[in-house]
Amino acid sequence: MRKRFFLFLIVFAFILSIYQGFTSIISAESNEKVYIIPVEKTVEKGLSQYIKRTVSDAQSQKVDHIILEIDTLGGAVDGAMEIADTLRSSEIPITAYINRRAISAGAYIALNANQIYMAPGSQMGSAAIITGDGNAADDKAQSLWLSEMRESAERNGRDPKYALAMADKDVDIPEYGAGKGDLLTIETKQALEVGYSEGTAIDRDDLLKQLGYNNSAEIVAEESFAEKVARFLTNPVVVPILLSIGSLGLVVELYSPGFGVPGSMGLAALLLFFYGHLVAGLAGMESIILFILGIILIIAEFFVPGGILGIVGFVSIITSLYVASGDFVHMTISLLISFAVSVTASILLVKVFGKRMNIFKKLILRDSTNTESGYVSNVSRAELVGAEGVALTTLRPSGTAIFSDERLDVVTEGGYITKGNKVKVVKVEGSRIVVREL
């Protein structure tokens, strides 16, 4: 009986040691952390700041791997390049998982990851650079973009000709449907064939299993509300709309009494513009200070003659918008659109609705003392016509005459009338009384 008891204790201790070892292995495995960053919608500078923040957060949490879940049709080139700089500077291995589409700037971002995995039926490519108005960029911008695409491919051991074919129509790869004149877009199987994908993963769990992190802790990055708002407000389509609403509201306010809804809408649109760029990390306080200074100088121009303050104020406002945006071409296009909207609104308000700028009513005197309004320069004595009197002085031809004990300054028709002779009023022109000798 005692032998059986000791045998039981030995077996129990052995099982307990095995269990502890097994749990320690599981615990060691679960200490591995994977940081997942969704890269979705339009690529712009708001997304760039979001990825910069999340990659920094991943480094501070000492994660073992970063996964970019990409589904985007592209966007701004400058934003994509900032994202690439962030990925290249990361010490943590990065895998791009294209779970639907990585088009244009999205393909460029994927090429800057250490590895690329694609979901079945996914696509990447078609990365030609175009301007905000939809036209091809100039040669300088094209050359820079092609160099970036080539370097991104070569950095991770990929054949650069396919990356160049995604951005340059002159690169001929007919076997993948990208002959001269066409941009290359490759699907999942084609990406594997040309070495632009390390594998195919059905979903995130399948990807983690293939990477060897199926038992790891997953940390999914989330956009804060402020970042979501900033991404929306810095969208290349939203910026000209905000500036147009801002300029239109302020223009309408100039033709409206007091300060009401149009002015409030205009100021709100401009504040949203600066707020979005400030949160996205694109604008600093210097742009806001320049804007406020410009407004103050323009207001001061109404009270200080010369025009210099107004010009400096206008330049200060335009400069603040360029400083906040950081994109000269796009901001120029946005300002031209808002200027066209403002001019059109002003013409409609003046020509169609007959409005006048109320701001000038207190600065410009519009009243006139005309006869139609009842104003006269002197009292008319038309009732004197026909009255008879006596020349009180010799009229040569002007002098003084007396009419019913009233002394009046008179003038003859051009002749000479001796003092004491009788005269008669023949005409009254304002204060001029014309007499004739009887």
Side-chain angles (χ1 to χ4, degrees), residues 247 249-263 266 293-317 339 342-438:
S247 59
L250 295 178
V251 165
V252 174
E253 188 61 43
L254 291 175
Y255 294 91
S256 304
F259 189 85
V261 175
L293 179 62
I295 295 293
I296 293 174
L297 290 174
I298 289 177
I299 294 174
E301 176 60 33
F302 293 121
F303 304 97
V304 179
I308 301 299
L309 292 180
I311 294 173
V312 174
F314 180 77
V315 172
S316 179
I317 290 175
F339 179 75
S342 302
V343 171
T344 303
S346 297
I347 293 173
L348 289 175
L349 289 170
V350 174
K351 298 295 183 181
V352 178
F353 298 100
K355 297 285 187 178
R356 287 184 179 181
M357 287 191 181
N358 286 294
I359 193 171
F360 293 118
K361 285 186 176 180
K362 295 181 179 180
L363 303 177
I364 300 176
L365 180 63
R366 297 186 181 276
D367 295 332
S368 60
T369 54
N370 50 46
T371 305
E372 291 78 6
S373 301
Y375 293 97
V376 292
S377 59
N378 49 66
V379 179
S380 176
R381 301 300 303 273
E383 75 278 4
L384 291 175
V385 175
E388 296 182 359
V390 178
L392 196 59
T393 64
T394 302
L395 307 181
R396 305 191 180 95
S398 62
T400 304
I402 186 168
F403 298 89
S404 302
D405 298 328
E406 183 180 4
R407 295 163 58 97
L408 296 173
D409 293 328
V410 298
V411 62
T412 69
E413 293 176 303
Y416 179 90
I417 300 176
T418 305
K419 173 183 177 181
N421 289 356
K422 291 184 177 182
V423 295
K424 179 181 180 181
V425 177
V426 294
K427 184 165 52 174
V428 176
E429 297 174 337
S431 61
R432 186 169 179 267
I433 301 172
V434 181
V435 298
R436 180 184 299 163
E437 186 177 7
L438 290 177

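These numbers come from the heavy atoms of this one structure, side chains and all, not from hydrogens, waters or symmetry mates.
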Any side-chain heavy atom of Leu408 sitting closer than 4.5 Å to one from Val425?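 Answer no - side chains too far apart.
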Does Val410 reach the side chain of Val423, with side-chain heavy atoms less than 4.5 Å apart? no
Are the side chain of Thr393 and the backbone N or O of Thr400 linked by a donor-acceptor pair below 3.5 Å? yes
Please report the closest heavy-atom contact between [X] and [Y], naming both atoms and the distance.
X      : Y      : value
Ser316 : Gly294 : OG-N, 3.6 Å
Val434 : Glu413 : CG1-CG, 3.7 Å
Tyr416 : Glu437 : O-OE1, 4.3 Å

Starting at CD1 of Ile311, measure out to CG of Leu297 and round the result to the nearest 0.5 Å. 11.5 Å
What distance separates Arg436 CZ from Thr412 OG1, expressed to the nearest 0.5 Å? 11.0 Å
For a side-chain contact (heavy atoms from CB on, under 4.5 Å) with Pro397, tell me which candidate from Val435, Ile417, Val411 qualifies.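 Exactly one option meets the side-chain contact (heavy atoms from CB on, under 4.5 Å) with Pro397, and it is Val411.
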